[in-house]
Colleague: 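One structure, as structure tokens, below. Some questions next.
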Number of protein chains: 4
Amino acid sequence: MTQAAALSPRKTPRQTRSRASVEAMLTAAAQILEAGGIAALTTNAVAERAGVSIGTLYQYFPNKETILAELVRRQKAQFFEDMGQAVAAAHDLGLREAARTVLHASIRHHARAPVLSRELEKAEMQLPLGPDVCAAGSEVDAAMVALLTHFAVPQPEVAARDLSALCRGMVHAALFAEDCDLAAIEARLRPAVFGYLGIAPDAPAPDGA
Amino acid sequence: MTQAAALSPRKTPRQTRSRASVEAMLTAAAQILEAGGIAALTTNAVAERAGVSIGTLYQYFPNKETILAELVRRQKAQFFEDMGQAVAAAHDLGLREAARTVLHASIRHHARAPVLSRELEKAEMQLPLGPDVCAAGSEVDAAMVALLTHFAVPQPEVAARDLSALCRGMVHAALFAEDCDLAAIEARLRPAVFGYLGIAPDAPAPDGA
Amino acid sequence: MTQAAALSPRKTPRQTRSRASVEAMLTAAAQILEAGGIAALTTNAVAERAGVSIGTLYQYFPNKETILAELVRRQKAQFFEDMGQAVAAAHDLGLREAARTVLHASIRHHARAPVLSRELEKAEMQLPLGPDVCAAGSEVDAAMVALLTHFAVPQPEVAARDLSALCRGMVHAALFAEDCDLAAIEARLRPAVFGYLGIAPDAPAPDGA
Amino acid sequence: MTQAAALSPRKTPRQTRSRASVEAMLTAAAQILEAGGIAALTTNAVAERAGVSIGTLYQYFPNKETILAELVRRQKAQFFEDMGQAVAAAHDLGLREAARTVLHASIRHHARAPVLSRELEKAEMQLPLGPDVCAAGSEVDAAMVALLTHFAVPQPEVAARDLSALCRGMVHAALFAEDCDLAAIEARLRPAVFGYLGIAPDAPAPDGA
DNA sequence: CATGAATGAGCTTTCATTCAT
DNA sequence: CATGAATGAAAGCTCATTCAT
């Protein structure tokens, strides 16, 4: 009984009223996470901010971790939505254009909710993720590896991880430093990615702004 | 009362016994942090592991945050030790060699205690850092900026931040994935850094293992 | 409001569907009680196991105690069914045979559902029993007292209580120790009862297995 | 860490102050148990009644069960104290006198704190007892078995259990019915025990009051 | 100075019960 | 009548922090 208590929600709400409650709780959790970090994410705070009672929260989430897990799951689904198309489309391009496209999508994604995103990444590490949540993440990974394989990049798994980390690290740092000019970030990051992939740099713009 | 509590240690102990206690507590804190994350870092646990009483802990650290802050301060000092010489020496080299040197030192540093390091970075964000701790960090930043300026890299502050984030992101991701071959990581990261700085890639090794 | 809440069911359902629901709930409650003790007996668990909604449960039982009370009432009724005839028939026998008969019936009863039975006894004590429930129990008591009076046993109320307790204690202990040979238990208990009543023991069996 | 959390106390208090606290908590727990049953035994109630804070309680008892376990342990130790000598002395008597002696001690013991005693017995069943607590109980059992063996009673383990249950059942029932004349209870119980053991009854008193 | 007993706010979670649909 | 979403008091337990010894 206790053993079976998984990371998945407790009830799938049928009525509209409860569906709204669940949504409210997840939104509240995201906001709290964004504002105060994991330390601030208490079940009481989530319930209060969502405007429901603590009892209601526990009708839908068997424990605190489940809320985080669901948030992570959605984040990964979002990631897939944001990246999937770009990665798929990139197969028909040259490596240079493919890299540009995917990089663009990636930056777009990371800029969506950078603080929440970072916070979820932190949480993800010490969270025993359920298989469904993992699945959501690995889809994008798989697509990236497929793309890199298609372009004959050596060690595609490693490269996927490297490029992903490279990109995430730089974008987050920039946004954390309140440097929010996405186009500029992309322009700075692109040559690094090209460098990693062994692609010749773009012809330098006559004026390096 | 709580408001006025500073982030710096309460007393700077001159006596050897006290100094040993403080050292023991900080070591204990680091170990706990490394083993169990911030969640496991309780004052009682630190005191117990350090072999001192909880009362003694509060004699030298006015609150929990202070312990973390001191750990961060030392981490930054370590960073300076690891990087300072490399950055200084790099002034006398060409850009390509300078980049290699600094990158090498950087990777060396990040590989020292990657788990603890990540944990401290996480903590750092939601920590109201005292001025002395900030100072420790900015020294290295300043040196990097100076170096980049010396090589006429445009926007040296931004570039310093970018390169630092790039490097940290990739190294941590690799180490987290249990990929611990530092030389290989360095070899993969170098072309990205070169790309970022607009340096032509190394002549490709005849065999790309 | 809470004070006024009685111990008797809220409605006596005439319709078949309702009756089935009530039956289902009581059965569910008994099963839960048997499997997990009083601690496991939650209203939600009862409703779920009975396949009805929690709202329906509260339509027929004003509160949790009422469910238990009804279970106790039925247990006592069962006791009367199991014992009544034996006690009545015993009037026409000699004391020795009467004791044998009643003891036999008693052990049969206690062996019916010993776990549930014990659990209900535990619950019974801290339960403010309604008068109807008490009535159910006292019928058998009265019959026993009548029987003992008929045989001129001194202090028949006390003797009824003593013999009942004696018997219950030993049977439960035996069953709890997984010693389920009813005939053997009866054979061991009989001389004790005879001893209590001052009846000479049976002629010893030539082989005392 | 959670796994290792046993049923044994957390700290063995060294200072007199804390020893008093522990004693106060156990006394409080016993009183609450006696007054309101297991349902009333909450950690908050225990702490409050003992005049300590809830934090103090958890310094010495890792969880609620531990308090109960300690109470059970003491009860068993008490049982051993009350019975041990009588059982030992009984070896040198005839069976009839031995039975009288042990029965007398047993009733004395059960009459000490009958309500608490019953409550602890109830609790004991659903409690995963630690080995030390079990040990405390089995000593008396072993002594009883030894005594019965000494008198060549067949199936001494079964007989020990039966007699113990018989006795406990009747004494508790009597005391619960507010019949507190221990001598009378003993006088009624004795012939039952004699009957069980196949001993001829005492010569009947000329007047059976 | 060192100790560790004591504190209590606050967290996670459960469950009896109500009430709009 | 049946449903099940919602409620919130209350339970078990943790941990940063204080203070008498």
Side-chain angles (χ1 to χ4, degrees), chain A residues 2 5 11 13-22 39 41-47 51-65, chain B residues 1-2 5 11 13 15 17-18 21 39-48 52-65 67, chain C residues 1-2 5 11 13 15 17-18 21 39-48 52-65 67, chain D residues 5 11 13-22 39 41-47 51-65 67:
Chain A
T2 331
K11 268 189 201 177
R14 296 271 162 83
Q15 302 187 7
T16 20
R17 181 165 49 140
S18 54
R19 197 177 287 268
S21 291
V22 169
L41 192 81
T42 72
T43 52
N44 286 309
V46 171
V52 301
S53 74
I54 185 65
T56 297
L57 188 151
Y58 277 92
Q59 291 240 342
Y60 298 101
F61 300 98
N63 50 49
K64 196 172 106 162
E65 278 72 44
Chain B
M1 198 179 275
T2 331
K11 316 182 182 181
Q15 300 185 9
R17 183 162 53 131
S18 312
S21 290
L41 192 79
T42 71
T43 52
N44 287 293
V46 171
E48 188 181 3
V52 300
S53 73
I54 184 64
T56 298
L57 188 152
Y58 275 89
Q59 202 111 88
Y60 295 102
F61 299 97
N63 51 48
K64 195 172 112 165
E65 278 72 43
I67 305 176
Chain C
M1 198 179 275
T2 332
K11 316 182 185 183
Q15 302 185 9
R17 184 162 51 133
S18 311
S21 289
L41 191 80
T42 72
T43 52
N44 286 293
V46 171
E48 189 181 3
V52 301
S53 74
I54 182 69
T56 298
L57 187 151
Y58 275 90
Q59 202 113 87
Y60 295 103
F61 299 97
N63 51 48
K64 195 172 111 165
E65 278 71 44
I67 306 177
Chain D
K11 266 190 202 177
R14 296 273 165 82
Q15 302 186 9
T16 20
R17 181 165 50 139
S18 54
R19 198 177 286 266
S21 291
V22 169
L41 192 80
T42 72
T43 52
N44 286 305
V46 172
V52 301
S53 74
I54 184 64
T56 296
L57 188 152
Y58 277 93
Q59 291 240 342
Y60 299 100
F61 300 97
N63 51 49
K64 196 172 106 162
E65 279 70 45
I67 306 178

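In what follows, chains carry the letters A, B, and so on, assigned in the order in which the sequence lines appear, proteins first and then strands, with residues in each chain numbered from 1. In this text, all values refer to a predicted model and were calculated from it rather than measured experimentally.
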Colleague: Could you check how far CD of E48(B) sits from C1' of dT14(F), rounded to whole Å?
Modeller: 15 Å

Colleague: Would you check if Y58(A) and T43(A) make a side-chain contact, meaning some heavy-atom pair closer than 4.5 Å?
Modeller: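 Yes; the side chains approach each other to less than 4.5 Å.
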
Colleague: Can you list the steps and then say if S18(B) with S21(B) is a side chain to side chain donor-acceptor pair (under 3.5 Å)?
Modeller: CA-CA 5 Å; S18(B) 312; S21(B) 290; over 6 Å; no

Colleague: Between Y58(D) and dC13(F), does any side-chain N or O lie under 4.0 Å from OP1 or OP2?
Modeller: yes

Colleague: Could you give the CD1-to-C1' distance, from I67(B) to dT17(F), as a whole number of Å?
Modeller: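 After rounding, the reported distance stands at 12 Å.
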
Colleague: Looking at N44(A), V46(A), V22(A), which one forms a side chain to side chain contact (heavy atoms under 4.5 Å, CB included) with L57(A)?
Modeller: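 When N44(A), V46(A), V22(A) are each tested with L57(A), the side chain to side chain contact (heavy atoms under 4.5 Å, CB included) holds only for V46(A).
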
Colleague: Suppose we define a pair by two distances each less than 3.5 Å, Watson-Crick or G-U wobble; what does dA6(E) pair with here?
Modeller: dT17(F)

Colleague: Between the protein and nucleotides 8-11 of chain E, which nitrogen or oxygen pairs come in under 3.5 angstrom?
Modeller:
none

Colleague: What is the distance, to the nearest angstrom, from the CG atom on L57(A) to the C1' atom on dA6(F)?
Modeller: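 Rounding to the nearest Å, CG of L57(A) and C1' of dA6(F) are 12 Å apart.
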
Colleague: Whole angstroms only, please: what is the OH-C1' distance between Y60(C) and dT17(E)?
Modeller: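 It is 18 Å, rounded to the nearest whole Å.
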
Colleague: Quick check: do I67(C) and L41(C) have side-chain heavy atoms less than 4.5 Å from each other?
Modeller: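 SC-SC contact between I67(C) and L41(C) ruled out.
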
Colleague: Quick check: any donor-acceptor pair below 3.5 Å linking the side-chain of Q59(A) to the base of dA6(F)?
Modeller: yes

Colleague: Closest heavy-atom contact between A40(B) and A45(B)?
Modeller: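 A40(B) and A45(B) have their closest heavy atoms at O-CB, 4.1 Å.
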
Colleague: Taking CG from N63(D) and C1' from dT14(F), how many angstroms apart are they, rounded to a whole number?
Modeller: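 Value for this atom pair: 13 Å.
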
Colleague: Please report, rounded to the nearest Å, how far the P atom of dA6(E) is from the CZ atom of R19(D).
Modeller: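 Spelled out: CZ on R19(D) to P on dA6(E) is 12 Å.
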
Colleague: Closer than 4.0 Å, any side-chain N/O of S21(A) to the OP1 or OP2 of dA5(F)?
Modeller: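 For dA5(F), neither OP1 nor OP2 has a side-chain N or O of S21(A) closer than 4.0 Å.
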
